Amino acid sequence: MGLFPELDENQTIKNVKYYFEHDFPRLKARSHMNIASIQSPSFDTVGSAGNAINTQENKIMNQLRAQELVVATYKAIKNCPDDYKYKTILKYRYLYGQSNTKTMEVAGYASTRYNECKNAACLYFAEAFAKYLKKAVKQR
């Protein structure tokens with residue numbers, strides 16, 4: 001055992017790809033919800049079986065959390081190693097939504113090298129993003 005705990009690299013890479021392909025687009029959409037369009041909270045519990053949950057507050061909190069995660073995603077990519085290839089791959093493939101083929105062209109790699117770099121970029125992203133998640137949890 002080394003300085004850092006063992007990491008299942010293959011699962012981490014899969015998780016990062018899933019995040020960018022499924023969760024991140026939803027977070028971006030949710031983070032842009034117009035707060036001004038949310039109605040005033042209703043304090044009338046008659047007819048709602050006494051349920052006093054403030055759904056408007058929940059919507060606002062969900063939007064703010066989504067905004068935090070979107071910002072953390074951009075910061076995590078920015079804080080990946082200064083090696084151009086990792087940031088370029090993450091930006092073009094996942095932030096700009098470019099195909100693997102287009103991203104390979106921009107990065108200047110053939111398929112095998114591109115996939116190696118993309119996997120490494122996913123691992124760097126996971127490490128950087130985890131730091132932001134821990135920081136956000138501590139602030140709450």
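What you see is a predicted model, and the numbers here were worked out from it, not measured in a lab. Computed from heavy atoms alone, side chains included, the values below leave out hydrogens, waters and symmetry copies.
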Report the residues that fulfil side chain to side chain donor-acceptor pair (under 3.5 Å) with Tyr19, sequence neighbours left out, ordered by chain and then residue number.
Thr73
Write down the atom of Thr88, the atom of Thr103, and the distance for their closest heavy-atom approach.
O-CG2, 4.5 Å
Correct closest heavy-atom pair for Lys17 and Cys122 would be CG-SG, 4.2 Å
Remaining members of the apolar cluster that contains Tyr114, side-chain heavy atoms under 4.5 Å:
Ile89, Met104, Tyr109
For the [atom1] atom of [X] and the [atom2] atom of [Y], what is their distance to the nearest 0.5 Å?
X: Asn62; Y: Glu57; atom1: CG; atom2: CD; answer: 10.5 Å
X: Arg30; Y: Gln67; atom1: CZ; atom2: CD; answer: 11.5 Å
X: Gln11; Y: Lys14; atom1: CD; atom2: NZ; answer: 5.5 Å
X: Cys117; Y: Tyr84; atom1: SG; atom2: OH; answer: 12.0 Å
X: Tyr132; Y: Tyr74; atom1: OH; atom2: OH; answer: 14.0 Å

If Ile, Leu, Val, Met, Phe, Trp and Tyr residues are connected whenever their side-chain heavy atoms lie under 4.5 Å apart, and connections chain through other members, are Tyr94 and Val106 in the same group?
yes
Is there a chain of hydrophobic side chains (I, L, V, M, F, W, Y, each step under 4.5 Å between heavy atoms) that links Tyr92 to Ile77?
yes
With heavy-atom distances below 4.5 Å as the criterion, would you say the side chains of Tyr124 and Asn79 are in contact?
no
Can you find a heavy atom in the side chain of Glu9 that is under 4.5 Å from one in the side chain of Thr12?
no
So does Arg93 get a backbone contact from the side chain of Gln98, meaning a donor-acceptor N/O pair under 3.5 Å?
no
Any donor-acceptor pair under 3.5 Å from Lys87 side chain to Lys78 backbone:
yes
Can you pull the salt bridge (charged side-chain N to carboxylate O under 4.0 Å, His left out) pairs that have at least one residue in residues 101-122, sequence neighbours excluded?
Arg113-Glu116
Run the side-chain contact (heavy atoms from CB on, under 4.5 Å) check on Leu90 and Leu95 step by step: do they pass?
CA-CA 7 Å; Leu90 290 171; Leu95 296 184; over 6 Å; no
Using the six-membered ring wherever Trp is involved, compare the ring planes of Phe20 and Phe125 and label them parallel, tilted or perpendicular (cut-offs 30° and 60°).
tilted
